[in-house]
Amino acid sequence: MRKKAVGLILLLAVIIFVGIAYTMKKEEKSQIKVSGYVGGEKIGFLEDEEVLSVLREDYGLSVDYAKAGSLDMMTADLEGKNYLFPSSSIALEYYKELHGQPLQSEIMMNTPIVLYSRKMVVDALDAQGLITIEGNVCYIDMRGLLKLIQENTSWADVGLSQLYGTVSVYTTDPCRSNSGNMFAALLANVLNDGETLTAEDTEEILPQLQEIFGKLGYMEDSSADLFNQFLKMGVGAMPMVAGYESQLIEYAAENPDEYEKIKEDLVMLYPIPTIWSSHVLIALDENGQKMITGLMDEEIQKLAWKRHGFRTETNGIGKDVGLSCVADSITQVTQVPEYKVMREIFEVLE
């Protein structure tokens with residue numbers, strides 16, 4: 001009798017084990033793998049375990065990606081790709097020009113262009129009357145900064161004799177990466193007396209823009225790479241760079257101890273005016289559409305802001321992320337020029 005009971009228990013255990021294994025295998029098979037290209041600044045977001053958990057458990061999605069510049073991904077091999085995740089609507093227009101209307105596209109989140117620098121540089125620019133501070137939020141007058149750049153003002157001329165060369169802002173390659181592209185659009189508008197650049201004004205403005213970018217030398221292809229280089233190489237190599245507001249918020253959330261060490265020296269500057277970068281997901285097929293649906297999930301949208309710094313439709317108040325240097329709202333904004341003007345900017349800066 002005892003042997004029979006033990007046998008039944010073992011049989012039951014085997015049945016339960018097989019059932020669990022079958023269920024796990026079935027769930028594994030039901031996962032849809034979505035693959036695409038993504039801008040480097042969003043890799044932390046797409047590797048967030050909580051984001052991936054929601055996509056996996058609630059939407060049956062397993063996400064794969066390859067890093068590419070926002071413009072580069074439009075000309076990349078799209079075989080086997082379900083989505084593209086560039087950092088601006090300009091990239092979407094470029095896609096349409098090359099491939100036609102996508103199956104679907106949606107803006108997932110937004111982030112403004114900002115400048116990153118160090119306290120000694122900001123103090124020197126403050127002495128030149130270019131810095132405004134509201135609480136702990138710092139703003140920089142782009143017209144005044146552009147004047148220093150165009151006049152080939154040396155860092156020594158603004159009181160920083162320890163820095164080599166002239167006042168400049170390092171950026172990514174505007175013909176390959178979106179942060180550089182958006183910064184070029186911002187400069188073009190500032191050169192155009194603050195008005196959004198139109199086709200009628202390009203003849204006067206574009207040569208000036210070409211001269212500014214022509215002085216920068218080698219430019220990174222990735223916004224993430226540029227930001228990492230800025231953090232690692234120090235003020236002597238990169239006194240000031242252009243990037244996304246989201247990058248500092250994400251860095252502070254993911255590296256709290258490291259951020260604590262540098263937060264008194266690292267300064268995020270909001271340009272006056274600035275320009276928005278809209279991170280749009282382009283669905284290439286039905287699985288790409290499922291990716292759009294998943295990323296619009298309310299929980300994922302909250303994580304996008306609080307952990308990765310991307311402002312979304314319902315999330316994006318500065319104090320929500322716990323950094324006093326982040327503006328509650330972005331008010332002084334210039335608009336991205338229309339696509340045909342941006343195409344002219346690409347061509348002159350190539």
Side-chain angles (χ1 to χ4, degrees), residues 39-53 67 87 109-127 130-140 155 160 162-163 169-172 179 220 222-271 274 277 279 299-312 315-330:
E41 72 287 335
K42 292 186 287 291
I43 287 176
F45 170 64
L46 287 183
E47 289 185 345
D48 187 313
E49 283 302 321
E50 286 192 49
V51 171
L52 294 176
S53 177
K67 184 174 79 170
S87 306
M109 47 213 186
N110 299 280
T111 189
I113 292 294
V114 298
L115 305 185
Y116 288 107
S117 191
R118 307 286 179 168
K119 188 177 184 302
M120 61 182 287
V121 176
V122 175
D123 286 346
L125 295 178
D126 189 19
L130 301 185
I131 305 297
T132 301
I133 301 175
E134 297 179 5
N136 288 320
V137 181
C138 296
Y139 299 88
I140 184 166
W155 288 112
L160 295 170
Q162 60 270 58
L163 297 184
V169 178
Y170 288 89
T171 181
T172 56
S179 63
E220 297 282 354
S222 164
S223 307
D225 291 346
L226 178 64
F227 185 69
N228 289 334
Q229 288 288 77
F230 166 74
L231 292 176
K232 292 173 183 176
M233 295 178 70
V235 67
M238 292 184 174
M240 190 178 300
V241 302
Y244 299 114
E245 175 195 55
S246 60
Q247 291 174 293
L248 180 62
I249 297 171
E250 181 179 69
Y251 181 79
E254 293 187 346
N255 307 277
D257 292 339
E258 292 302 313
Y259 177 66
E260 193 66 27
K261 295 175 186 175
I262 64 173
K263 70 177 185 179
E264 298 302 323
D265 186 45
L266 191 157
V267 183
M268 179 168 64
L269 296 161
Y270 289 91
T274 189
S277 182
H279 298 258
E299 184 60 31
I300 288 179
Q301 291 280 293
K302 287 180 181 177
L303 290 168
W305 169 236
K306 292 191 176 181
R307 193 173 293 175
H308 303 283
F310 296 106
R311 296 182 187 246
T312 64
N315 303 276
I317 303 300
K319 53 181 168 286
D320 289 349
V321 293
L323 297 181
S324 61
C325 63
V326 175
D328 281 349
S329 59
I330 309 299

If I take atom [atom1] from residue [X] and atom [atom2] from residue [Y], how far apart are they, to the nearest 0.5 angstrom?
{"X": "Ile140", "Y": "Thr132", "atom1": "CD1", "atom2": "OG1", "value": "9.5 Å"}
{"X": "Asp48", "Y": "Arg307", "atom1": "CG", "atom2": "CZ", "value": "4.5 Å"}
{"X": "Ile330", "Y": "Ile113", "atom1": "CD1", "atom2": "CD1", "value": "11.5 Å"}
{"X": "Thr312", "Y": "Lys306", "atom1": "OG1", "atom2": "NZ", "value": "10.5 Å"}
{"X": "Lys119", "Y": "Cys138", "atom1": "NZ", "atom2": "SG", "value": "10.0 Å"}
{"X": "Leu226", "Y": "Gln229", "atom1": "CG", "atom2": "CD", "value": "8.0 Å"}

What orientation do Tyr251 and Phe227 show, parallel under 30°, tilted 30 to 60°, or perpendicular over 60°?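 Answer is perpendicular, since the angle exceeds 60°.
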Can you tell me if [X] uses its side chain to pair, donor with acceptor, with the backbone of [Y] under 3.5 Å?
{"X": "Asn228", "Y": "Ala224", "result": "yes"}
{"X": "Ser117", "Y": "Pro239", "result": "yes"}
{"X": "Thr171", "Y": "Ala242", "result": "no"}

Any side-chain heavy-atom pair from [X] and [Y] closer than 4.5 angstrom?
{"X": "Met109", "Y": "His308", "result": "no"}
{"X": "Leu266", "Y": "Leu231", "result": "yes"}
{"X": "Tyr270", "Y": "Val326", "result": "yes"}
{"X": "Arg118", "Y": "Leu163", "result": "no"}

Provide the closest heavy-atom pair for Tyr259 versus Leu248 in the form atom of the first, atom of the second, distance.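 Taking every non-hydrogen atom into account, CE1-CD1, 3.8 Å.
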Over all heavy atoms of both residues, which pair between Leu269 and Val122 is shortest? Give the atoms and the distance, please.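 Scanning both residues, the minimum pair turns out to be CD1-CG2, 4.0 Å.
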Ser246: which residues meet the side-chain contact (heavy atoms from CB on, under 4.5 Å) condition with it, sequence neighbours left out?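 side-chain contact (heavy atoms from CB on, under 4.5 Å) list for Ser246, sorted by chain: Thr111, Tyr244, Phe310.
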Sort and list the pairs that fulfil salt bridge (Lys or Arg N to Asp or Glu O under 4.0 Å) and have at least one residue in residues 321-330, not counting sequence neighbours.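 For residues 321-330, and leaving out neighbouring residues, the salt bridge (Lys or Arg N to Asp or Glu O under 4.0 Å) pairs sorted by first residue read Lys319-Asp328.
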Pairs satisfying salt bridge (Lys or Arg N to Asp or Glu O under 4.0 Å), at least one member in residues 239-252, at least two apart: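 Non-adjacent pairs meeting salt bridge (Lys or Arg N to Asp or Glu O under 4.0 Å): Glu245-Arg311.
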How far apart are the C-alpha atoms of Lys263 and Cys325, what are their side-chain angles, what is the distance that settles it, and do they pass the side chain to side chain contact (heavy atoms under 4.5 Å, CB included) test? CA-CA 10 Å; Lys263 70 177 185 179; Cys325 63; over 6 Å; no
I'd like to know if the side chain of Glu41 pairs up with that of Ser179 as donor and acceptor (distance under 3.5 Å, no hydrogens or angles considered).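 Glu41 vs Ser179: no donor-acceptor pair found between side chains.
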